[in-house]
Amino acid sequence: MHQLTYGDIKSATDRIAGRVRPVALAPAGPGVTRTPRQGSPDDRAGEPCEVWLALEFMQHTGSFKARGAQNFVRAHREAGTLPEAGVTIASGGNAGLACAWAAQQQGVRATVFLPTTAPAVKVARLRGYGAEVRLIGTEYAEALAACEEFTAATGALASHAYDHPLIAAGAGTLLEEIHQRIPGLDTVVVAVGGGGLFAGVATAARHHGIRTVAVEPENCRALNAALEAGHPVDVTVDSVASDSLGARRASAMALHAAQQDGVRSVLVPDTEITGARQALWDQRRIAAEHGAATALAALTARTGRADRHGPEQHVSGRGPADRPATAGYGYRPSAGEKVCVVVCGANTDVTTLVAPPGN
């Protein structure tokens with residue numbers, strides 16, 4: 001297994017410079033998070049926390065995935081390893097969009113395999129980028145198996161939605177931009193599916209002394225389960241955010257990043273994800289995916305839920321005093337903590353926000 005390094009992130013930053021959109025940042029304003037933790041062992045109890053939103057849904061193709069795809073395709077172009085059969089990928093949607101977009105820029109074919117549960121808006125956009133779309137099964141793992149068979153039969157270059165060092169390193173370039181533009185950042189909060197974004201962001205964040213909070217739906221918890229088991233394991237996928245966070249198993253690369261200092265794994269229920277997504281629309285007119293709203297849900301989730309106890313991970317960084325962390329529900333910033341929440345994608349059906357079901 002390739003252990004992702006900060007050097008990989010720096011190489012990706014140089015490789016895709018000028019070919020992706022710089023992340024837009026916006027202060028979240030007061031009231032975005034619940035009351036800071038009581039009894040926090042820092043000396044800033046009278047200060048509110050400071051929360052920023054990284055609006056990465058404004059990236060090419062509507063999500064952070066464009067970074068990894070651009071890095072993947074360009075690295076193979078530089079190495080002369082792009083085959084005539086083109087590139088192929090199995091994706092819940094966003095990675096496929098990014099792969100198709102990056103392949104189109106390089107003038108190569110793209111064949112994308114998706115679960116039949118993928119939103120129609122993503123399928124239509126894939127075809128708009130010139131990709132051949134094949135809908136297989138109801139879960140990502142089934143689409144992946146079909147993609148692997150296609151690769152063996154045609155010689156196409158297989159990318160991956162999250163489990164490839166070039167993909168994860170490209171995603172990590174996002175943290176490099178955030179770090180440069182938010183001085184004194186303590187914590188970055190990211191949603192986790194298979195772990196590509198998390199692995200890249202956490203690797204870069206650790207280099208800069210920034211803690212990473214990895215957020216998953218409680219019934220779609222591949223990384224959290226891997227931390228409990230000590231190795232990647234298959235999990236049940238059953239969440240409103242499963243179209244983008246529905247990996248059955250986290251990558252070994254993501255697990256390695258999660259086992260380092262400065263990482264906290266938390267879970268959120270679907271009701272909080274739906275509420276955070278609706279709040280982004282109602283208060284900011286941001287039409288985010290459920291997967292993108294999952295990160296924010298960690299801060300807005302109601303208190304009173306019992307923690308799901310997992311392995312303790314030492315939390316370090318430049319923020320409040322170091323403290324042990326167990327996998328639980330939600331994340332409460334300490335007073336004075338400077339936090340950035342990554343809103344990572346917006347390929348969604350806006351009608352579900354304008355007229356929520358049941359209204």
Side-chain angles (χ1 to χ4, degrees), residues 2-17 20-28 33 40 42 44 47 49-56 59 64 67-68 70-71 162 165-192 195-215 223 251 253-266 295-296 298-299 313-325 331 333-344:
H2 179 91
Q3 301 288 7
L4 199 66
T5 68
Y6 181 66
D8 295 325
I9 310 298
K10 288 298 293 180
S11 294
T13 299
D14 295 339
R15 187 176 291 120
I16 69 175
V20 296
R21 293 171 181 157
V23 65
L25 298 169
T33 184
S40 178
D42 63 74
R44 298 176 292 178
E47 301 178 33
C49 61
E50 178 181 330
V51 181
W52 289 78
L53 301 179
L55 309 180
E56 184 64 359
Q59 187 54 258
F64 74 94
R67 295 175 181 270
Q70 184 70 258
N71 190 46
Y162 57 88
L166 289 171
I167 297 297
T173 64
L174 172 61
L175 193 281
E176 286 295 282
E177 294 181 18
I178 293 171
H179 171 254
Q180 291 175 4
R181 294 172 55 192
I182 306 180
L185 181 66
D186 296 315
T187 304
V188 60
V189 184
V190 295
V192 183
L197 174 63
F198 163 75
V201 165
T203 299
R206 184 167 182 255
H207 176 82
H208 295 297
I210 299 167
R211 79 170 51 81
T212 303
V213 177
V215 191
L223 181 63
S251 70
M253 186 168 47
L255 174 58
H256 175 76
Q259 291 171 327
Q260 308 308 303
D261 287 351
V263 174
R264 181 180 179 122
S265 169
V266 303
L296 182 61
L299 271 66
Q313 302 135 61
H314 188 62
V315 177
S316 62
R318 190 172 45 220
D322 291 351
R323 53 193 178 271
Y331 180 75
S334 295
E337 189 171 345
K338 188 177 291 188
V339 180
C340 183
V341 179
V342 177
V343 185
C344 58

| task | Scan side-chain atoms only and decide if Asp14 and Ser11 contain a donor-acceptor pair under the 3.5 Å cut-off. | result | no

| message | Using the rule given for side chain to side chain contact (heavy atoms under 4.5 Å, CB included), can you reason through Gln3 versus His256, listing the C-alpha separation, both sets of side-chain angles and the distance that settles it, and then say yes or no? | response | CA-CA 8 Å; Gln3 301 288 7; His256 175 76; 2.9 Å; yes

Taking the side chain as every heavy atom from C-beta outward, state whether [X] and [Y] have any atom pair closer than 4.5 Å.
X: Leu197; Y: Leu174; answer: yes
X: Glu56; Y: Arg67; answer: yes
X: His2; Y: Asp8; answer: yes
X: Thr203; Y: Leu175; answer: no
X: Pro333; Y: Leu299; answer: yes

| field | By side chain to side chain donor-acceptor pair (under 3.5 Å) - contacts of Glu176 (at least two apart) | value | Tyr6, His208

| query | Does Arg15 have any side chain to side chain donor-acceptor pair (under 3.5 Å) partners at least two apart in sequence or in another chain, and if so, which? | reply | Asn71, Glu78

| request: Walk me through it: do Val343 and Leu296 pass the test side chain to side chain contact (heavy atoms under 4.5 Å, CB included)? | output: CA-CA 8 Å; Val343 185; Leu296 182 61; 5.7 Å; no

| Check: Ser251 side chain, Ala254 main-chain N or O, donor-acceptor pair, under 3.5 Å | yes

| Are the side chain of Arg181 and the backbone N or O of Val23 linked by a donor-acceptor pair below 3.5 Å? | yes

Can you name the closest pair of heavy atoms from [X] and [Y] and give their distance?
X: Ala298; Y: Val215; answer: CB-CG2, 3.7 Å
X: Ala205; Y: Thr212; answer: CB-OG1, 3.5 Å
X: Leu55; Y: Ala26; answer: CD1-CB, 4.2 Å
X: Val188; Y: Ile210; answer: N-CG2, 4.0 Å
X: Ala168; Y: Ala199; answer: CB-CB, 4.4 Å
X: Leu185; Y: Cys340; answer: CD1-N, 3.7 Å

| request: Dump the intermediate steps for side chain to side chain contact (heavy atoms under 4.5 Å, CB included) on Val263 and Phe198, then the final yes or no. | output: CA-CA 10 Å; Val263 174; Phe198 163 75; 3.8 Å; yes

Rounded to the nearest 0.5 Å, what separates atom [atom1] in [X] from atom [atom2] in [Y]?
X: Leu25; Y: Leu53; atom1: CG; atom2: CG; answer: 9.0 Å
X: Arg211; Y: Glu337; atom1: CZ; atom2: CD; answer: 5.0 Å
X: Arg206; Y: Asp261; atom1: CZ; atom2: CG; answer: 6.0 Å
X: Gln70; Y: Ile167; atom1: CD; atom2: CD1; answer: 10.5 Å

| field | Results of side-chain contact (heavy atoms from CB on, under 4.5 Å) for Glu50 - residues two or more places apart only | value | Trp52, Lys338

| query | Could you go step by step and tell me if Thr173 and Ile16 meet the side chain to side chain contact (heavy atoms under 4.5 Å, CB included) rule? | reply | CA-CA 9 Å; Thr173 64; Ile16 69 175; 3.6 Å; yes

